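Shown next, in structure tokens, is the structure this report addresses.
Only a predicted model underlies this, so the values are computations on that prediction, with no experimental measurement involved.
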Amino acid sequence: MQDLISKIVDKLKDSTDRYGFSVIVYTFMPDHLHLLVKGTDSSDLKGFVRHFKQMTGYNFKMQQGEILWHLSYYDRVIRKDEDIAASARYILKNPVRKGLVADFRDYPFSGSLVYNIKEIF
């Protein structure tokens with residue numbers, strides 16, 4: 001599983017670089033993914049999500065013979081810095097709420113492409 005997540009994170013970085021985002025935090029849950037990304041006025045969310053899901057979904061389908069992603073996704077705009085930090089903590093603590101780990105720092109499928117989550121959050 002770690003190898004699969006690592007490959008998906010590589011594609012996540014490619015997609016965020018291409019479409020003008022940075023990944024504040026991510027958490028891969030057993031049946032879904034949480035992302036907190038930060039963009040600029042020129043960032044393209046629809047393009048980013050389409051590219052990321054297409055790149056990872058195609059590779060997964062070819063290797064596993066299964067569909068990786070649902071067709072739709074949920075998004076929400078966060079406008080205040082304090083809300084970004086609260087959202088990051090909420091995402092990172094998802095595995096704790098689901099009983100997968102006692103401390104979010106122990107969950108192997110969470111991270112950030114910007115911060116060291118074990119030190120910051």
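Between M55 and D14, every side-chain heavy-atom pair lies at or beyond the 4.5 Å cut-off. Side chains of V9 and V23 form no contact here, defined as non-hydrogen atoms less than 4.5 Å apart. Using a 4.5 Å heavy-atom cutoff, the side chains of I8 and L68 are in contact. Considering only heavy atoms from C-beta on, F21 comes within 4.5 Å of L45 through its side chain. Taking the side chain as every heavy atom from C-beta outward, L36 and I78 approach each other to under 4.5 Å.
Atom CZ of R76 has 12 or fewer heavy atoms from other residues, nucleotides or ligands within 6.0 Å. Atom CG of D41 has 12 or fewer heavy atoms from other residues, nucleotides or ligands within 6.0 Å.
Linking Ile, Leu, Val, Met, Phe, Trp and Tyr residues whenever their side-chain heavy atoms come within less than 4.5 Å leaves Y58 and L4 in two separate clusters.
A distance of 10.0 Å separates CG of N116 from CZ of R105, quoted to the nearest 0.5 Å. Considering CG of L33 and CG of N94, their distance stands at 10.5 Å, rounded to 0.5 Å. In this structure, CZ in F104 is found 12.0 Å from CD1 in I91, a value given to the nearest 0.5 Å.
Counting only distance, with no hydrogens or angles, the side chain of S15 and the backbone of L12 share no donor-acceptor pair below 3.5 Å. Remark: side-chain polar atoms of K11 are not paired, donor with acceptor, to backbone N or O of G57 under 3.5 angstrom. Judged by distance alone, with hydrogens and angles left aside, the side-chain atoms of Y107 form a donor-acceptor pair with the main-chain N or O of F28 at under 3.5 Å. When atom types are taken as modelled, the side chain of S112 and the backbone of I24 share a donor-acceptor pair closer than 3.5 angstrom. Side chain of K53 to backbone of H70: a donor-acceptor contact under 3.5 angstrom is found. The backbone N or O of D83 sits less than 3.5 Å from a side-chain atom of S87, completing a donor-acceptor pair. Side-chain atoms of S110 never come within 3.5 Å of backbone atoms of T27 as a donor-acceptor pair (strictly under, hydrogens ignored).
Residue K13 forms a side chain to side chain donor-acceptor pair (under 3.5 Å) with just one option from D17, D10, T16, and that option is D17.
Between H34 and Y90, the ring planes are perpendicular. Angles over 60° get that label, and only those under 30° would be called parallel.
The nearest pair of heavy atoms linking W69 to T56 is NE1-OG1, 2.7 Å. The two residues E66 and F60 have their closest heavy-atom pair at O-CD2, 3.2 Å.
The cationic atom of R18 (NZ for Lys, CZ for Arg) does not lie both less than 6.0 Å from the six-membered ring centre of F52 and within 45° of the ring axis.
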Please evaluate residues K46 and Y73 with respect to the criterion side chain to side chain contact (heavy atoms under 4.5 Å, CB included), reporting the C-alpha separation (whole Å), side-chain torsions for both, the decisive distance (0.1 Å), and the verdict.
CA-CA 10 Å; K46 287 182 183 179; Y73 63 94; 3.8 Å; yes
